[in-house]
Amino acid sequence: MAVTNEEISELFEDMASLLEMKGDVIFKIRAYQRAARTISQLPQSLELAVRQEQELKKIPGIGDAISKKIYEYVTTGHVAAYERLKADLPDGVLTLMNVPGIGPKTAMLIAKETGASTVEGVVKAIHQGRLQELPGLGERAAENILRHIHSLRTKDQRTPLGQALPIVERIIADLRERCPTLKKATPAGSVRRWQETVGDIDIMGTAQDPVQVIDALVDLPYVREVLVHGPKKASVVVDPGLQVDLRIVEDDSFGAMVQYFTGNQQHNVRLRDYANRMGLSLNEYGITNLKTGQIEKFADEEGFYDRLGLQMPPPEIRQGLWELDLAQKHALPRLVEQSDIRGDLHMHSDWSDGREPIEAMMEAASRFGHQYVALTDHSSGRGIANGLSDERLQSQIKILRTLEGFPVKILCGSEVDIRADGSLDYPDELLADLDVVVASVHSAMGQPVEKMTERIIKAMHNPHVTVIGHPTARLLGSRDPVEVDMEALLQAALETGTAMEINSSPERLDLKDTHVLRARELGVPLVISTDSHSSGYMDKLRFGVAVARRGWCEPKHIVNTMPLEEFMAFIKAPKSERIHIFAGRVD
DNA sequence: GCCGTTTTCGGCCCGACTGTTTTCAGTCG
């Protein structure tokens, strides 16, 4: 059975909770929590690392004891220390912690004193008045617990970035319109880090009249509920049900504040640890000299990091992994930017399921500033998407080859279905006429992992397949990714010279950030495409660029940053040679 | 349990909020 990093991360998170219940040393507990959070965002599967006998201790926050436990879990399926802890404590204590407001201490107290081991048991204990009598708890606490039980912590209460970002932009625009004194305004938190989903929205600003801005937020027509309304801070819930926190701060502490609220938490923990060793203490107001007690303020983040002798890491890679080590050496990578992208290799016209004619798409691509663009309408297997028959594809190719009047170089392409058995929808002779072939899975998504992996790898071995489109076929919040051995796909991509797509569509973001980081490590060619179905969609490119940045990609890691001539040479070369061309770029 | 520009021992991020407390513990981000 495959062991996922997520599973291992949860195990250590649980171990930390159990240790806290037992009243163990807080620093040991923190160590487990740190390890858990680091593991949840690692690019590479720990199972694989163990099997390849790699050194786990190189991972920050993982030392002797934890690496041994990882080894134990991967090889035996359980961790003895964890089982012992669980056996020592009342049943169900971990379940109780699913209620917001109930942490390890309270869970332990409730389980021990009331015997409740389920959420229902807690409700019963409250109705019987037994919970209220416990030391440290009272009527208010019981009321809060009851209220929170209705909004149980579940994993999927996060909002896709694609939905959150337009809301942020609208709020900032509306505040600007209503408050002339609003100076700076920027999102912080997971939005600024371009995380694929966000829990809430943080906005930081400076203004001559903070009250005016705070009041303006509270009065916005799409504010559904006001949670907090103070002179410098407000928290509201806006229409689709998303919490927005706005803070207005003094100009001179804006840098420290934005840094603090951008996180992520792991990054901040490591940064403050690092600062402590310099005799400095960090908080959201500035940098304090521990000896003199003097506080320095910072109007911008660059100054803040600079005071610590660090290069400022882009928000997307503030992950608490290795960014601070590189920042210290002033050796952070120059991450890819939207302006580096020279072409879009995945889009549809009204020949299949796009909404606009070819000409409109080409006009938009030209306006966007692309040097080249591939039209990739669906293949015949996508009946529902009005996929092109062999004959229609042939006539489309003819039209595209003679289309004139666009500054952008037009490439003939197709998004061809990878059928359930790994064969493709078009014969090889037809595929050979195309410049760019994006091969994607759109059907039989429930296949077991071995079959799905084999299926996609078979498509990679086709000499005409340029790119694998949205490799896991997930739809954020609505469709789980297909089960596939990503490591095997990436290895096959290397062997066959096939590129992997970063699909920029905000509901896909597929490959995802951690896959991209792994692909980058291995040297797999990556492509950032939009999968546009209308001309207005092309600017979704920024989402794909953000995923690439979260995967630490520089321009050289992305195939479609190549200028036209270089790109044409790349796709004209046989696949077996492409990986060498690409590697020459990366070295 | 982890880690090293002061340390292989002795430190370990920081503050806000809440509800329960008369000075703090627990939870959260």
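Each chain gets a letter, A, B and so on, in the order the sequences are listed, and its residues count up from 1.
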Query raised in the report: Checking only heavy atoms, does the side chain of A:Tyr285 share a donor-acceptor pair with the base of B:dG15 at less than 3.5 Å?
Result: no

**Report entry** Identity of whatever pairs with B:dG4 - Watson-Crick or G-U, under 3.5 angstrom
**Finding:** B:dC9

Report summary line: Checking A:Glu196, A:Arg474, A:His470 against A:Arg508 for side chain to side chain contact (heavy atoms under 4.5 Å, CB included), the one that qualifies is A:His470

Query - Gap in Å between the two C1' atoms, one belonging to B:dG11 and one to B:dT6, rounded - result: 11 Å

Query - N-O pairing of A:Lys329 and A:Asp325 below 4.0 Å - result: no

Query raised in the report: Which listed nucleotide (B:dC2, B:dC14, B:dT5) is nearest to the side chain of A:Gln328?
Result: B:dT5

Query raised in the report: Taking the side chain of A:Phe27 as its heavy atoms from C-beta onward, which of B:dT27, B:dG1, B:dG19 lies nearest to it?
Result: B:dG1

Query raised in the report: Of the nucleotides B:dG4, B:dG15, B:dG1, which one has an atom closest to the side chain of A:Asn283?
Result: B:dG15

Requested in this report: Only one of A:Glu47, A:Glu53, A:Gln54 passes side chain to side chain donor-acceptor pair (under 3.5 Å) with A:Arg51; say which it is.
Outcome: A:Glu47

Query - OP1 or OP2 of B:dG19 under 4.0 Å from side-chain N/O of A:Asn144 - result: yes

Query raised in the report: Which of the following nucleotides, B:dG29, B:dA16, B:dC12, is nearest to the side chain of A:Gln265?
Result: B:dG29

Query raised in the report: Counting side-chain heavy atoms from C-beta on, which of B:dT20, B:dT27, B:dG1 comes nearest to A:Lys105?
Result: B:dT27

Query raised in the report: Are A:Asn276 and B:dC14 close enough that a side-chain N or O sits under 4.0 Å from OP1 or OP2?
Result: yes

Query - Under-4.0 Å salt bridge between A:Arg520 and A:Glu554 - result: yes

Query - Carboxylate-amine/guanidinium contact A:Glu72 A:Lys69, below 4.0 Å - result: no

Query raised in the report: Mapping A:Lys28 and A:Leu137 to their closest nucleotides on DNA chain B, which lands nearer the 5' end?
Result: A:Lys28

**Report entry** Short side-chain N/O contact to B:dG19 OP1/OP2 from A:Arg140, under 4.0 Å
**Finding:** yes

**Report entry** Per A:Arg277 side chain, nearest of listed nucleotides B:dC2, B:dT5, B:dG26
**Finding:** B:dT5

Report task. With DNA chain B as reference, determine whether A:Leu290 or A:Ile59 sits nearer its 5' end, using the nearest nucleotide of each. Result -> A:Ile59

